[in-house]
Amino acid sequence: MANETQRSVTSTPVGARPPERAPRHEFATTRPPDAVQRYSTGERLTHWAVALAYTVLFLSGLALFHPFFYWISFLFGTPTFMRILHPFIGVALGILFFAYAARLWRENLFSAADRLWLRRMFAYMNGREEARVEGKYNAGQKAMYWSMIIMVVGLLVTGIFIWRPYIAPAVPLLGRRIAAVIHVIFAFIMFVGIGIHIYAAVWTRGSMRAMTQGWVSRRWARYHHPGWYDRVARKETVR
Amino acid sequence: MALESLDIRRRSASQTRAPDVRKHTEVAKLIDISRCIGCKACQAACMEWNDLRDEVGLTNGTYNNPIELTDRSWTVMRFYEEELADKGLQWLIVKDGCLHCADPGCLKACPAPGAIVQYSNGIVDFQQDNCIGCGYCQTGCPFNIPRYGVTDGKAYKCTLCSDRVGVGLEPACIKTCPTQALSFGTKEDMIDIANARLVDLKERGFDKAAVYDPSGVGGTHVVYVMPHGDPALYRMPREASISPLVGLWRSGFARTLGVLTMVSVVVAGFFHWMKVGPVDPDALPPREGE
Ligand code: HEM
Ligand code: SF4
Ligand code: SF4
């Protein structure tokens with residue numbers, strides 16, 4: 001095993017077979033041998049492609065929404081180019097997002113245990129014990145998942161309605177007015193959602209690494225997602 | 001595009017004041033529908049002065065040619081046949097084009113600083129070099145006026161010959177009209193002429209005759225005399241005003257709310273972190289059974 005230099009949380013018994021989804025890269029040295037895989041490489045790359053597309057979309061949208069932020073448009077070369085780019089990136093985000101979300105929907109179905117988690121959510125946010133989570137995701141993450149689906153569908157549909165020169169000319173003016181208003185409202189609701197999403201990932205230490213390197217520590221898994229840990233992680237590794 | 005740069009009353013997507021040391025009296029064009037014979041001389045003059053040649057298109061069985069406003073036809077005569085209960089069959093001819101609203105929806109909706117300006121004389125002008133081709137001006141306009149270049153994607157419409165007016169000339173269409181259906185001057189004078197014309201028309205049995213200077217957009221700098229009164233007959237909105245949706249979308253309220261939303265998210269995250277700090281199971285002392 002190539003882990004002489006690794007920070008060893010638990011020692012691997014001699015002769016045990018290596019963890020199933022062990023790091024393939026020699027330089028991924030911080031991964032403990034008993035780490036639990038949370039996201040595959042494909043999932044991580046899709047997630048970050050969505051994140052990049054979202055960043056471009058929000059910045060360009062903001063430049064169009066409020067004159068105070070118009071300077072952002074010059075980061076794209078010219079404002080006209082930014083305006084042309086925005087809807088294409090929007091469609092790209094739509095495709096990537098649904099490719100990503102399609103792999104996660106089953107894990108995000110609400111279950112009975114979620115009610116308790118939601119009731120204790122504010123206590124948890126204030127430093128108290130988290131209610132036991134049965135699934136791969138807690139109720140907050142599930143709510144985020146479904147609200148993001150609604151936001152992306154809404155932004156995609158309304159954005160397409162106001163997409164000049166391709167679609168907008170075929171949409172009646174009233175339709176375009178409604179679409180423009182909803183597009184902005186959804187863009188800001190989505191900003192709040194993404195803000196919470198990013199903060200939560202930073203707040204719960206170890207979560208960001210799940211999306212950058214794919215793995216979480218055993219204690220992270222046991223603490224945040226004991227149900228998931230019991231089902232998946234225990235089977236997966238030697239211990 | 002025009003020559004003026006020191007007498008700008010309003011500028012799209014701009015938060016600070018535009019250069020406005022120079023003030024001009026408000027001008028207006030008067031279109032007296034009762035005098036118009038539909039000869040389209042004004043359309044030809046507009047092409048001529050602005051050096052625009054539209055494509056030779058198709059006919060839709062009316063006299064409209066082209067059928068509609070385009071990026072290169074900034075004024076189009078629209079023809080309607082209307083059967084009126086009291087007047088019998090009427091042939092209505094409406095000179096379509098920008099009305100140069102005192103409160104322009106196009107300017108309100110435009111996201112590009114300085115792509116739309118309103119001069120102190122009331123003329124609303126598009127500055128294509130600042131235009132990003134988003135189409136919002138069409139969304140904002142209560143009269144469906146702006147049109148986009150097929151190749152350049154920029155917005156175009158009647159300039160009220162701001163370049164001519166800026167050097168003391170009347171617009172090209174006014175100069176060419178053979179029946180004096182069109183007049184140009186200060187807004188005050190045009191309203192006076194229009195009102196005098198109403199008296200005349202009413203004497204001749206057009207008792208519903210009215211002036212179209214819709215107050216919903218603060219009045220316009222293109223004013224119509226409509227012999228049959230009802231704007232709907234001429235396919236103009238009875239109550240023209242900026243759609244409340246556009247008003248909301250482009251309001252200072254919405255923009256401020258948007259900024260406050262973004263700031264709140266950041267501030268809430270900052271203080272939550274300062275109060276609670278991170279959750280880090282890896283830093284907890286080992287629990288029983290671990
Ligand atoms: C999903 C993330 C998206 C975000 C955060 C976003 C955000 C925004 C914002 C804030 C604006 C300016 C609002 C305004 O003042 O009207 C805007 C404009 C616009 N958005 Fe989006 N948008 C997104 C997706 C899309 C999609 C999927 C499309 C569609 C194809 C799209 C098409 C447009 C169009 C056409 C405009 C008008 C300006 C332009 O022509 O580029 N957007 N967007
Ligand atoms: S008629 Fe339309 S294009 Fe002309 S000034 Fe009014 S809102 Fe703008
Ligand atoms: S198309 Fe041009 S003029 Fe019209 S709203 Fe967009 S930037 Fe302004």
So, for [X] and [Y], which heavy atoms are closest and what is the spacing to 0.1 Å?
{"X": "B/G258", "Y": "A/F65", "result": "CA-CE2, 4.4 Å"}
{"X": "B/Q138", "Y": "A/R177", "result": "O-NH2, 4.3 Å"}
{"X": "A/W203", "Y": "B/W273", "result": "CA-CZ3, 3.8 Å"}
{"X": "B/G135", "Y": "A/R164", "result": "CA-CD, 3.6 Å"}
{"X": "B/P281", "Y": "A/W220", "result": "CG-CA, 3.8 Å"}
{"X": "A/P67", "Y": "B/A13", "result": "CB-O, 3.2 Å"}

Interface residue of largest heavy-atom contact number with chain B, from A/L173, A/T204, A/I185, A/L174, under 4.5 Å
A/L173
Heavy-atom check, side chain of [X] versus side chain of [Y], under 4.5 Å:
{"X": "B/K154", "Y": "A/T80", "value": "yes"}
{"X": "A/I162", "Y": "B/T139", "value": "no"}
{"X": "A/R176", "Y": "B/Y136", "value": "no"}
{"X": "B/V259", "Y": "A/F69", "value": "yes"}
{"X": "A/Y223", "Y": "B/V279", "value": "yes"}
{"X": "B/Q15", "Y": "A/H66", "value": "yes"}

Under 4.5 Å from a heavy atom of chain A, the part of B/A112 involved:
both
Part of B/L284 lying under 4.5 Å from any heavy atom of chain A:
both
With a cut-off of 6.0 Å (strictly less than), are more than 12 heavy atoms of other residues, nucleotides or ligands near [atom1] of [X]?
{"X": "B/F79", "atom1": "CZ", "value": "yes"}
{"X": "A/F74", "atom1": "CZ", "value": "yes"}
{"X": "A/F161", "atom1": "CZ", "value": "no"}
{"X": "B/R78", "atom1": "CZ", "value": "yes"}
{"X": "B/R238", "atom1": "CZ", "value": "no"}
{"X": "A/R128", "atom1": "CZ", "value": "no"}

Report the option among B/L245, B/V246, B/V266 that has the most heavy-atom pairs separated by less than 4.5 Å from atoms of chain A.
B/L245
Under 4.5 Å, counting heavy-atom pairs only, tell me which of B/S12, B/P113, B/A109 racks up the most with chain A.
B/P113
Heavy-atom distance under 4.5 Å to chain B: side chain of A/P165, backbone, both or neither?
neither
A/V171 versus chain B, heavy atoms under 4.5 Å apart: side chain, backbone, both or neither?
neither
Would you compute the distance between atom SG of B/C110 and atom CG of A/L64 and round it to the nearest 0.5 angstrom?
10.0 Å
